Engineer: 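Got a structure for you, written out below as structure tokens; questions coming shortly.
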Amino acid sequence: VESVFASCEENETLVRQYLEWKSSYAPVAANRYAIWVRRFQSAINKTPEAVTVGDWSAFARSLIGRFAPKCVEYALNIAHNYLRFWFEQGRLRRLPLYLARVKKAIACSHAAITEDEYRAVVRALRAEGGKSLRDLAMVMLLHDTGMRVGELVSLEIDQIEEDASATIRTEKSVQRRRVFWNQNTDDVLHELIVERINSKAPTEWLFVAKEGAGEKPITTRAVERIVA
């Protein structure tokens with residue numbers, strides 16, 4: 001009887017074939033999908049012909065509680081796309097696609113930081129000196145303005161006004177709003193801007209992360225890790 005289980009080499013071959021197809025029209029997505037496709041294929045450890053609804057359900061259950069709800073939704077959507085690929089190749093015969101639909105997740109809300117916690121974070125960042133200037137500016141700006149992290153990471157240097165304000169486009173609409181911050185935050189922001197200008201920054205982004213020899217806007221995930 002032919003085994004339904006896949007060897008490590010077969011698992012990687014299946015993943016590679018899917019990612020090559022994905023890269024042909026969405027190379028960025030293929031790079032992002034790779035880790036979850038490999039996790040899914042390693043978890044089921046079967047050839048496409050042998051995949052069952054139970055395999056899908058077991059993988060979904062293995063994620064719950066280990067990852068945030070939105071992350072679980074993202075992972076299952078990727079797995080769904082992977083299965084759909086094999087369905088269209090004629091190799092997925094046991095799993096009707098409608099059974100693999102992914103329920104929309106509701107993101108968990110985060111408790112607001114208290115004033116004591118905020119002051120403790122600021123003290124710790126100030127104690128680290130210039131190496132934490134960017135992080136200190138982000139924490140203080142988020143605290144004073146209440147802007148979303150996505151709005152913060154999209155800020156450019158020329159949006160910072162002399163009157164300690166900035167006009168930003170709201171993350172969930174095309175409308176614009178003006179935000180203000182206090183003098184202490186303004187002092188830190190201008191110190192950061194001077195540092196960026198003096199270092200001949202190659203981009204106009206206010207908050208950046210190093211990428212090889214260059215830089216890129218800091219990601220929302222990186223900010224969340226800093227303020228968590």
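Sequence positions, counted from 1, serve as the residue numbers for this chain. These numbers come from the heavy atoms of this one structure, side chains and all, not from hydrogens, waters or symmetry mates. Small disclaimer: the values here were computed from a predicted structure and weren't measured.
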Engineer: With the side chain counted from C-beta on, respond yes when Thr185 and Leu189 share a heavy-atom pair under 4.5 Å apart, and no when they do not.
Structural biologist: yes

Engineer: Return the set of residues passing salt bridge (Lys or Arg N to Asp or Glu O under 4.0 Å) with Glu115 (not counting sequence neighbours), or none when no residue passes.
Structural biologist: Arg119

Engineer: Between Trp56 and Leu76, is there a side-chain heavy-atom distance shorter than 4.5 Å?
Structural biologist: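 Yes, side chains in contact.
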
Engineer: Provide the full list of ring pair (Phe, Tyr, Trp, His ring centres under 6.0 Å) pairs with a residue in residues 187-214, sequence neighbours left out, each pair given once.
Structural biologist: none

Engineer: Under 3.5 Å, is there a donor-acceptor pair between the side chain of Arg66 and the main chain of Ser62?
Structural biologist: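 Side chain of Arg66 to backbone of Ser62, a donor-acceptor pair under 3.5 Å: yes, one is there.
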
Engineer: Apply side-chain contact (heavy atoms from CB on, under 4.5 Å) to Tyr18 and list each qualifying residue two or more places apart in sequence or on a separate chain.
Structural biologist: Trp21, Lys22, Tyr33, Val37, Asn81, Tyr82, Phe85

Engineer: Using side-chain heavy atoms (C-beta onward) and a distance below 4.5 Å, is Leu206 in contact with Leu192?
Structural biologist: yes

Engineer: Would Phe40 and Leu83 count as a side-chain contact (heavy atoms from CB on, under 4.5 Å) here? Give the steps.
Structural biologist: CA-CA 10 Å; Phe40 177 68; Leu83 292 177; 3.8 Å; yes

Engineer: So does Arg32 have more than 12 non-hydrogen atoms from other groups sitting under 6.0 Å from CZ?
Structural biologist: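 No, the 6.0 Å shell around CZ holds no more than 12 heavy atoms from other groups.
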
Engineer: Can you list everything that forms a side chain to side chain donor-acceptor pair (under 3.5 Å) with Arg38? Sequence neighbours excluded, please.
Structural biologist: Glu12

Engineer: Rounded to the nearest 0.5 Å, what's the gap from CD1 on Ile197 to CD on Glu195? Could you check?
Structural biologist: 11.0 Å

Engineer: Look up atom CD1 in Ile226 and atom CZ in Arg221, then write down how far apart they are to the nearest 0.5 Å.
Structural biologist: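 These two atoms lie 13.0 Å from each other.
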
Engineer: Who are the side-chain contact (heavy atoms from CB on, under 4.5 Å) partners of Arg177, not counting sequence neighbours?
Structural biologist: Met147, Glu151, Ile168, Thr170, Val179

Engineer: Keeping the roles fixed (side chain from Ser23, backbone from Leu19), state whether a donor-acceptor pair exists under 3.5 Å.
Structural biologist: yes

Engineer: Partners of Ser199 by side-chain contact (heavy atoms from CB on, under 4.5 Å), sequence neighbours excluded?
Structural biologist: Ala201

Engineer: Please check if atom CD in Glu9 has more than 12 non-hydrogen atoms from other residues, nucleotides or ligands closer than 6.0 Å.
Structural biologist: no

Engineer: Distance from Arg16 atom CZ to Thr13 atom OG1, nearest 0.5 Å?
Structural biologist: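 Nearest 0.5 Å value for the CZ-OG1 distance: 4.5 Å.
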
Engineer: Just checking, is any N or O donor in the side chain of Thr114 or Asp116 under 3.5 Å from an acceptor N or O on the other one?
Structural biologist: no

Engineer: Determine, stepwise, if the pair Leu14 / Arg91 fulfils side-chain contact (heavy atoms from CB on, under 4.5 Å).
Structural biologist: CA-CA 11 Å; Leu14 291 167; Arg91 293 191 59 183; 3.8 Å; yes

Engineer: Measure the spacing between CG of Leu152 and CG of Leu142 and express it to the nearest 0.5 Å.
Structural biologist: 4.5 Å

Engineer: Grab the two heavy atoms, one from Asp163 and one from Ser165, that are nearest each other, plus how far apart they are.
Structural biologist: OD1-OG, 2.6 Å

Engineer: Could you give the distance from CD1 (Ile193) to CG (Asn198), rounded to the nearest 0.5 Å?
Structural biologist: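 Interatomic distance, Ile193 CD1 to Asn198 CG, rounded to 0.5 Å: 12.0 Å.
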
Engineer: Check the pair Arg126 / Val188 against side-chain contact (heavy atoms from CB on, under 4.5 Å), numbers first and verdict last.
Structural biologist: CA-CA 10 Å; Arg126 286 190 184 278; Val188 172; 4.0 Å; yes

Engineer: Out of Asp144, Asp186, Thr145, which one pairs with Trp181 under the side-chain hydrogen bond (donor to acceptor under 3.5 Å, both in side chains) rule?
Structural biologist: Asp186

Engineer: For residues Thr167 and Arg176, is any side-chain donor paired with an opposing acceptor at under 3.5 Å?
Structural biologist: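 No donor-acceptor contact under 3.5 Å links the two side chains.
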
Engineer: Evaluate the criterion side-chain contact (heavy atoms from CB on, under 4.5 Å) for residue pair Val153 and Val223; output intermediate values, then yes/no.
Structural biologist: CA-CA 8 Å; Val153 300; Val223 176; 3.7 Å; yes

Engineer: With sequence neighbours excluded, what pairs up with Asp55 under the salt bridge (Lys or Arg N to Asp or Glu O under 4.0 Å) test?
Structural biologist: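 Here the qualifying residues are Lys46.
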
Engineer: In residues 132-139, what donor-acceptor pairs under 3.5 Å come from side-chain atoms, sequence neighbours left out?
Structural biologist:
residue	atom	partner	partner atom	Å
Ser132	OG	Glu128	OE1	2.2
Arg134	NH1	Val208	O	2.9

Engineer: Sequence neighbours left out, what passes side-chain contact (heavy atoms from CB on, under 4.5 Å) with Ile35? Give chain and number order.
Structural biologist: Arg39

Engineer: If two hydrophobic side chains count as joined below 4.5 Å and joins carry through other members, does Tyr25 share a cluster with Phe87?
Structural biologist: yes

Engineer: For the residue pair Asn45 and Gln41, confirm or rule out a side-chain donor-acceptor distance under 3.5 Å.
Structural biologist: no

Engineer: Can you list every pair that meets ring pair (Phe, Tyr, Trp, His ring centres under 6.0 Å) and has a residue in residues 117-156, with sequence neighbours left out?
Structural biologist: Tyr118-His143

Engineer: With sequence neighbours left out, write down each residue that passes ring pair (Phe, Tyr, Trp, His ring centres under 6.0 Å) with Phe180, or none if nothing qualifies.
Structural biologist: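 Checked Phe180 against ring pair (Phe, Tyr, Trp, His ring centres under 6.0 Å); zero matches.
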
Engineer: From Leu63 CG over to Cys71 SG, what is the distance, rounded to the nearest 0.5 angstrom?
Structural biologist: 7.5 Å

Engineer: Could you work out, with salt bridge (Lys or Arg N to Asp or Glu O under 4.0 Å) as the rule, every residue matching Glu215, not counting sequence neighbours?
Structural biologist: Arg196

